Amino acid sequence: MEVMHLHHLITQRAPTMVLSSTNSTWLKYASLGVLVLQTTSLVLTMRYSRTLKEDSPRYLASSAVVSAEVLKIFTCIFIVLIENNYSVRAMNLQLKEEIVTKLAETMKLAVPAGIYTLQNNLLYVALSNLDAATYQVTYQLKILTTALFSVSMLGRRLGLYQWLSLLLLMAGVTLVQWPTESGGDTEQKVLTASSQFMGLMAVLMACVSSGFAGVYFEKILKETKQSVWVRNIQLGLFSFVFGFLGMMVYDGQSIRKSGMFQGFNIITCAVVVLQAVGGLVVAVVIKYADNILKGFATSLSIIMSTLISYFLLNDFNPTGMFFWGAVLVIAATFLYSYERKPASSAIKV
């Protein structure tokens with residue numbers, strides 16, 4: 001989801017400006033730490049939970065998605081309650097006015113909610129079939145899809161550096177996904193190739209859905225003045241409905257047999273919490289971080305995911321192609337974030 005940045009007002013006296021600058025710098029690096037921790041921990045925990053071998057049946061991805069949406073809704077309601085000075089009556093009036101009275105505005109959230117629900121389920125499929133490092137690098141293609149949808153839907157202009165970065169990004173992801181010769185049983189290699197292809201398709205579909213839903217949601221936020229938390233409640237309600245219907249259609253038989261929370265454990269609960277609260281936490285802290293720091297966060301997350309996948313999860317063997325592809329993706333992330341002082345020439349599609 002695209003998050004609007006908070007610009008600092010520099011209208012105070014010199015001593016206050018120095019103090020404000022110090023606090024701002026601290027908040028920026030704290031934001032960097034939170035972004036890296038949240039992004040890396042979610043991917044690695046989700047991957048670990050999908051590959052953990054247990055006697056009991058593995059938890060249902062659809063159930064985890066629905067649980068995350070419920071937790072997200074309650075978290076946003078609690079934040080709205082805080083904004084209303086813990087007045088339940090005032091909160092109820094606000095939610096009734098924003099959600100029920102403005103039903104036409106609420107219905108606009110059905111489209112991104114359905115797409116986000118699909119995307120969240122696709123991420124479980126991707127991490128069930130791809131190692132965390134490959135997933136992290138490939139998922140950066142969402143920068144490309146978001147940029148293209150921003151140009152087509154919002155009329156946004158991209159500078160020369162940004163177009164170049166998108167070319168680098170595509171080249172990097174291509175290298176990461178480049179097939180490598182490996183020894184071993186032929187049948188096992190076929191199964192691995194099939195699994196990787198399924199994971200790749202899931203990531204690509206998630207990138208397209210993420211780009212479209214993010215830009216669509218941003219457009220809605222710009223057209224109205226509703227609280228971002230109220231918008232997230234509306235989004236969560238639709239996502240819960242779509243997720244629940246999908247869960248009953250695809251996993252209904254399994255749920256009737258073993259229950260909705262079959263296979264849930266501490267790791268699964270951690271995944272649900274990270275997925276639900278993580279995005280909201282990032283939405284709060286990211287406003288203190290500029291584009292360069294966001295590039296650092298993405299790069300550090302890729303590096304950490306690679307190291308942990310190799311040393312701890314033992315599900316990843318880096319190749320030369322992967323290394324150079326990851327370098328190109330990291331470079332593309334920084335280049336896309338690079339902002340020149342008033343750009344004289346911009347390219348528009």
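We're numbering straight along the sequence, starting at 1. A quick note: this is a predicted structure, and the numbers were derived from the prediction, not measured.
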Side-chain donor-acceptor pair under 3.5 Å between Thr40 and Ser305, yes or no? no
Measuring from Leu245:CG to Ser62:OG, what's the distance to the nearest 0.5 Å? 11.5 Å
Which donor-acceptor pairs under 3.5 Å do side chains of residues 120-128 form with protein atoms, sequence neighbours excluded?
residue : atom : partner : partner atom : Å
Asn120  : ND2  : Tyr116  : O            : 3.3
Asn121  : ND2  : Thr117  : O            : 2.8
Tyr124  : OH   : Gln275  : OE1          : 3.1
Ser128  : OG   : Arg50   : NE           : 3.1
Ser128  : OG   : Tyr124  : O            : 2.7

Say whether, by atom type as modelled, one donor and one acceptor occur between the side chain of Gln140 and the main chain of Gln136 under 3.5 angstrom. yes
Over 12 foreign heavy atoms within 6.0 Å of CE, Met91: yes
Heavy-atom pair with the smallest gap, counting every atom of Glu69 and Gly236: OE1-CA, 3.7 Å
Greater than 12 external heavy atoms within 6.0 Å of Ile266's CD1: no
Is there a path of hydrophobic side-chain contacts, each under 4.5 Å between heavy atoms of I/L/V/M/F/W/Y residues, joining Leu328 to Leu160? yes
Contact check, side chains of Glu97 and Leu93, non-hydrogen atoms, under 4.5 Å: no
side-chain contact (heavy atoms from CB on, under 4.5 Å) evaluation trace for Gln177 with Val137: CA-CA 10 Å; Gln177 293 294 336; Val137 176; over 6 Å; no
Checking Thr268 now: which residues fulfil side chain to side chain donor-acceptor pair (under 3.5 Å) with it, not counting sequence neighbours? Asn265
For Ser309 and Thr306, indicate whether the former's side chain and the latter's backbone hold a donor-acceptor pair under 3.5 Å. no
May I have the step-by-step check of side-chain contact (heavy atoms from CB on, under 4.5 Å) for Leu158 and Leu166, ending in yes or no? CA-CA 10 Å; Leu158 298 182; Leu166 296 179; 4.2 Å; yes
Close side-chain approach of Val176 to Thr138, heavy-atom, < 4.5 Å: yes
Heavy-atom closest pair, residues Met107 and Phe238: SD-CZ, 3.7 Å
Whether the side chain of Arg47 engages the backbone of Leu130 through a donor-acceptor N/O pair (distance < 3.5 Å, no angle test) should be reported. yes
Write down the atom of Val277, the atom of Leu71, and the distance for their closest heavy-atom approach. CG2-CD2, 4.3 Å
Does Gly159 offer a backbone N or O that forms a donor-acceptor pair with the side chain of Gln162 under 3.5 Å? yes
Heavy-atom pair of closest approach, residues Val215 and Ser150: CG2-OG, 3.5 Å
According to a hydrophobic-cluster definition based on side-chain heavy atoms being under 4.5 Å apart (Ile, Leu, Val, Met, Phe, Trp, Tyr only), do Val100 and Leu235 belong together? no
I'd like to check Ser210 versus Thr145 (side-chain heavy atoms, cut-off strictly below 4.5 Å). Are they in contact? no
Would Tyr48 and Leu52 count as a side-chain contact (heavy atoms from CB on, under 4.5 Å) here? Give the steps. CA-CA 6 Å; Tyr48 180 71; Leu52 186 64; 3.3 Å; yes
Taking only residues two or more places apart in sequence, or in another chain, which ones meet Phe212 in a ring pair (Phe, Tyr, Trp, His ring centres under 6.0 Å)? Phe149, Tyr216
When you measure from the side chain of Asp131 to the backbone N and O of Ala133, does any donor-acceptor pair fall under 3.5 Å? yes
Please give me the minimum heavy-atom distance between Ala206 and Gln119, naming the atom from each residue. O-CG, 4.0 Å
Working to the nearest 0.5 angstrom, can you tell me the gap between Leu44 CG and Ser49 OG? 11.0 Å
Met46, Met205: one ILVMFWY side-chain cluster at the under-4.5 Å cut-off? no
What distance do Leu164 atom CG and Tyr336 atom OH have between them, rounded to the nearest 0.5 Å? 13.0 Å
Do Met260 and Val66 touch side chain to side chain, with heavy atoms closer than 4.5 Å? yes
Check whether Gln234 reaches the backbone of Glu98 with its side chain - one donor and one acceptor, N or O, closer than 3.5 Å. yes
Would Val249 end up clustered with Leu60 when hydrophobic side chains under 4.5 Å apart are linked, directly or stepwise? no
Nearest-0.5 Å distance that lies between atom CG in Leu95 and atom CD1 in Ile233: 5.0 Å
Taking all non-hydrogen atoms of both residues, which atom of Val230 and which atom of Val80 are closest, and how far apart? CG2-CG2, 4.3 Å
So does Val36 get a backbone contact from the side chain of Thr39, meaning a donor-acceptor N/O pair under 3.5 Å? no
State yes or no: do Met248 and Phe240 share one hydrophobic cluster built from I, L, V, M, F, W and Y residues joined by side-chain heavy-atom distances below 4.5 Å, directly or via other members? yes
Non-hydrogen side-chain atoms of Leu148 and Leu144 separated by less than 4.5 Å: yes
What distance separates Phe244 CZ from Ser63 OG, expressed to the nearest 0.5 Å? 10.0 Å
Could you tell me which residues satisfy side chain to side chain donor-acceptor pair (under 3.5 Å) with Lys142, sequence neighbours excluded, listed by chain and number? none
For side-chain contact (heavy atoms from CB on, under 4.5 Å), just list the numbers for Val272 and Phe264, CA-CA rounded to whole Å, side-chain angles, deciding distance to a tenth of an Å, and then say yes or no. CA-CA 10 Å; Val272 170; Phe264 268 58; 4.3 Å; yes
Could you give the distance from CG (Asn129) to OH (Tyr135), rounded to the nearest 0.5 Å? 13.0 Å
List in chain and number order the residues that pass side chain to side chain donor-acceptor pair (under 3.5 Å) with Ser254, two or more places apart in sequence or in another chain; answer none if no residue qualifies. Gln262
With a 3.5 Å cut-off and sequence neighbours excluded, list the donor-acceptor pairs that the side chains of residues 168-175 form with protein atoms.
residue : atom : partner : partner atom : Å
Thr174  : OG1  : Met170  : O            : 2.7

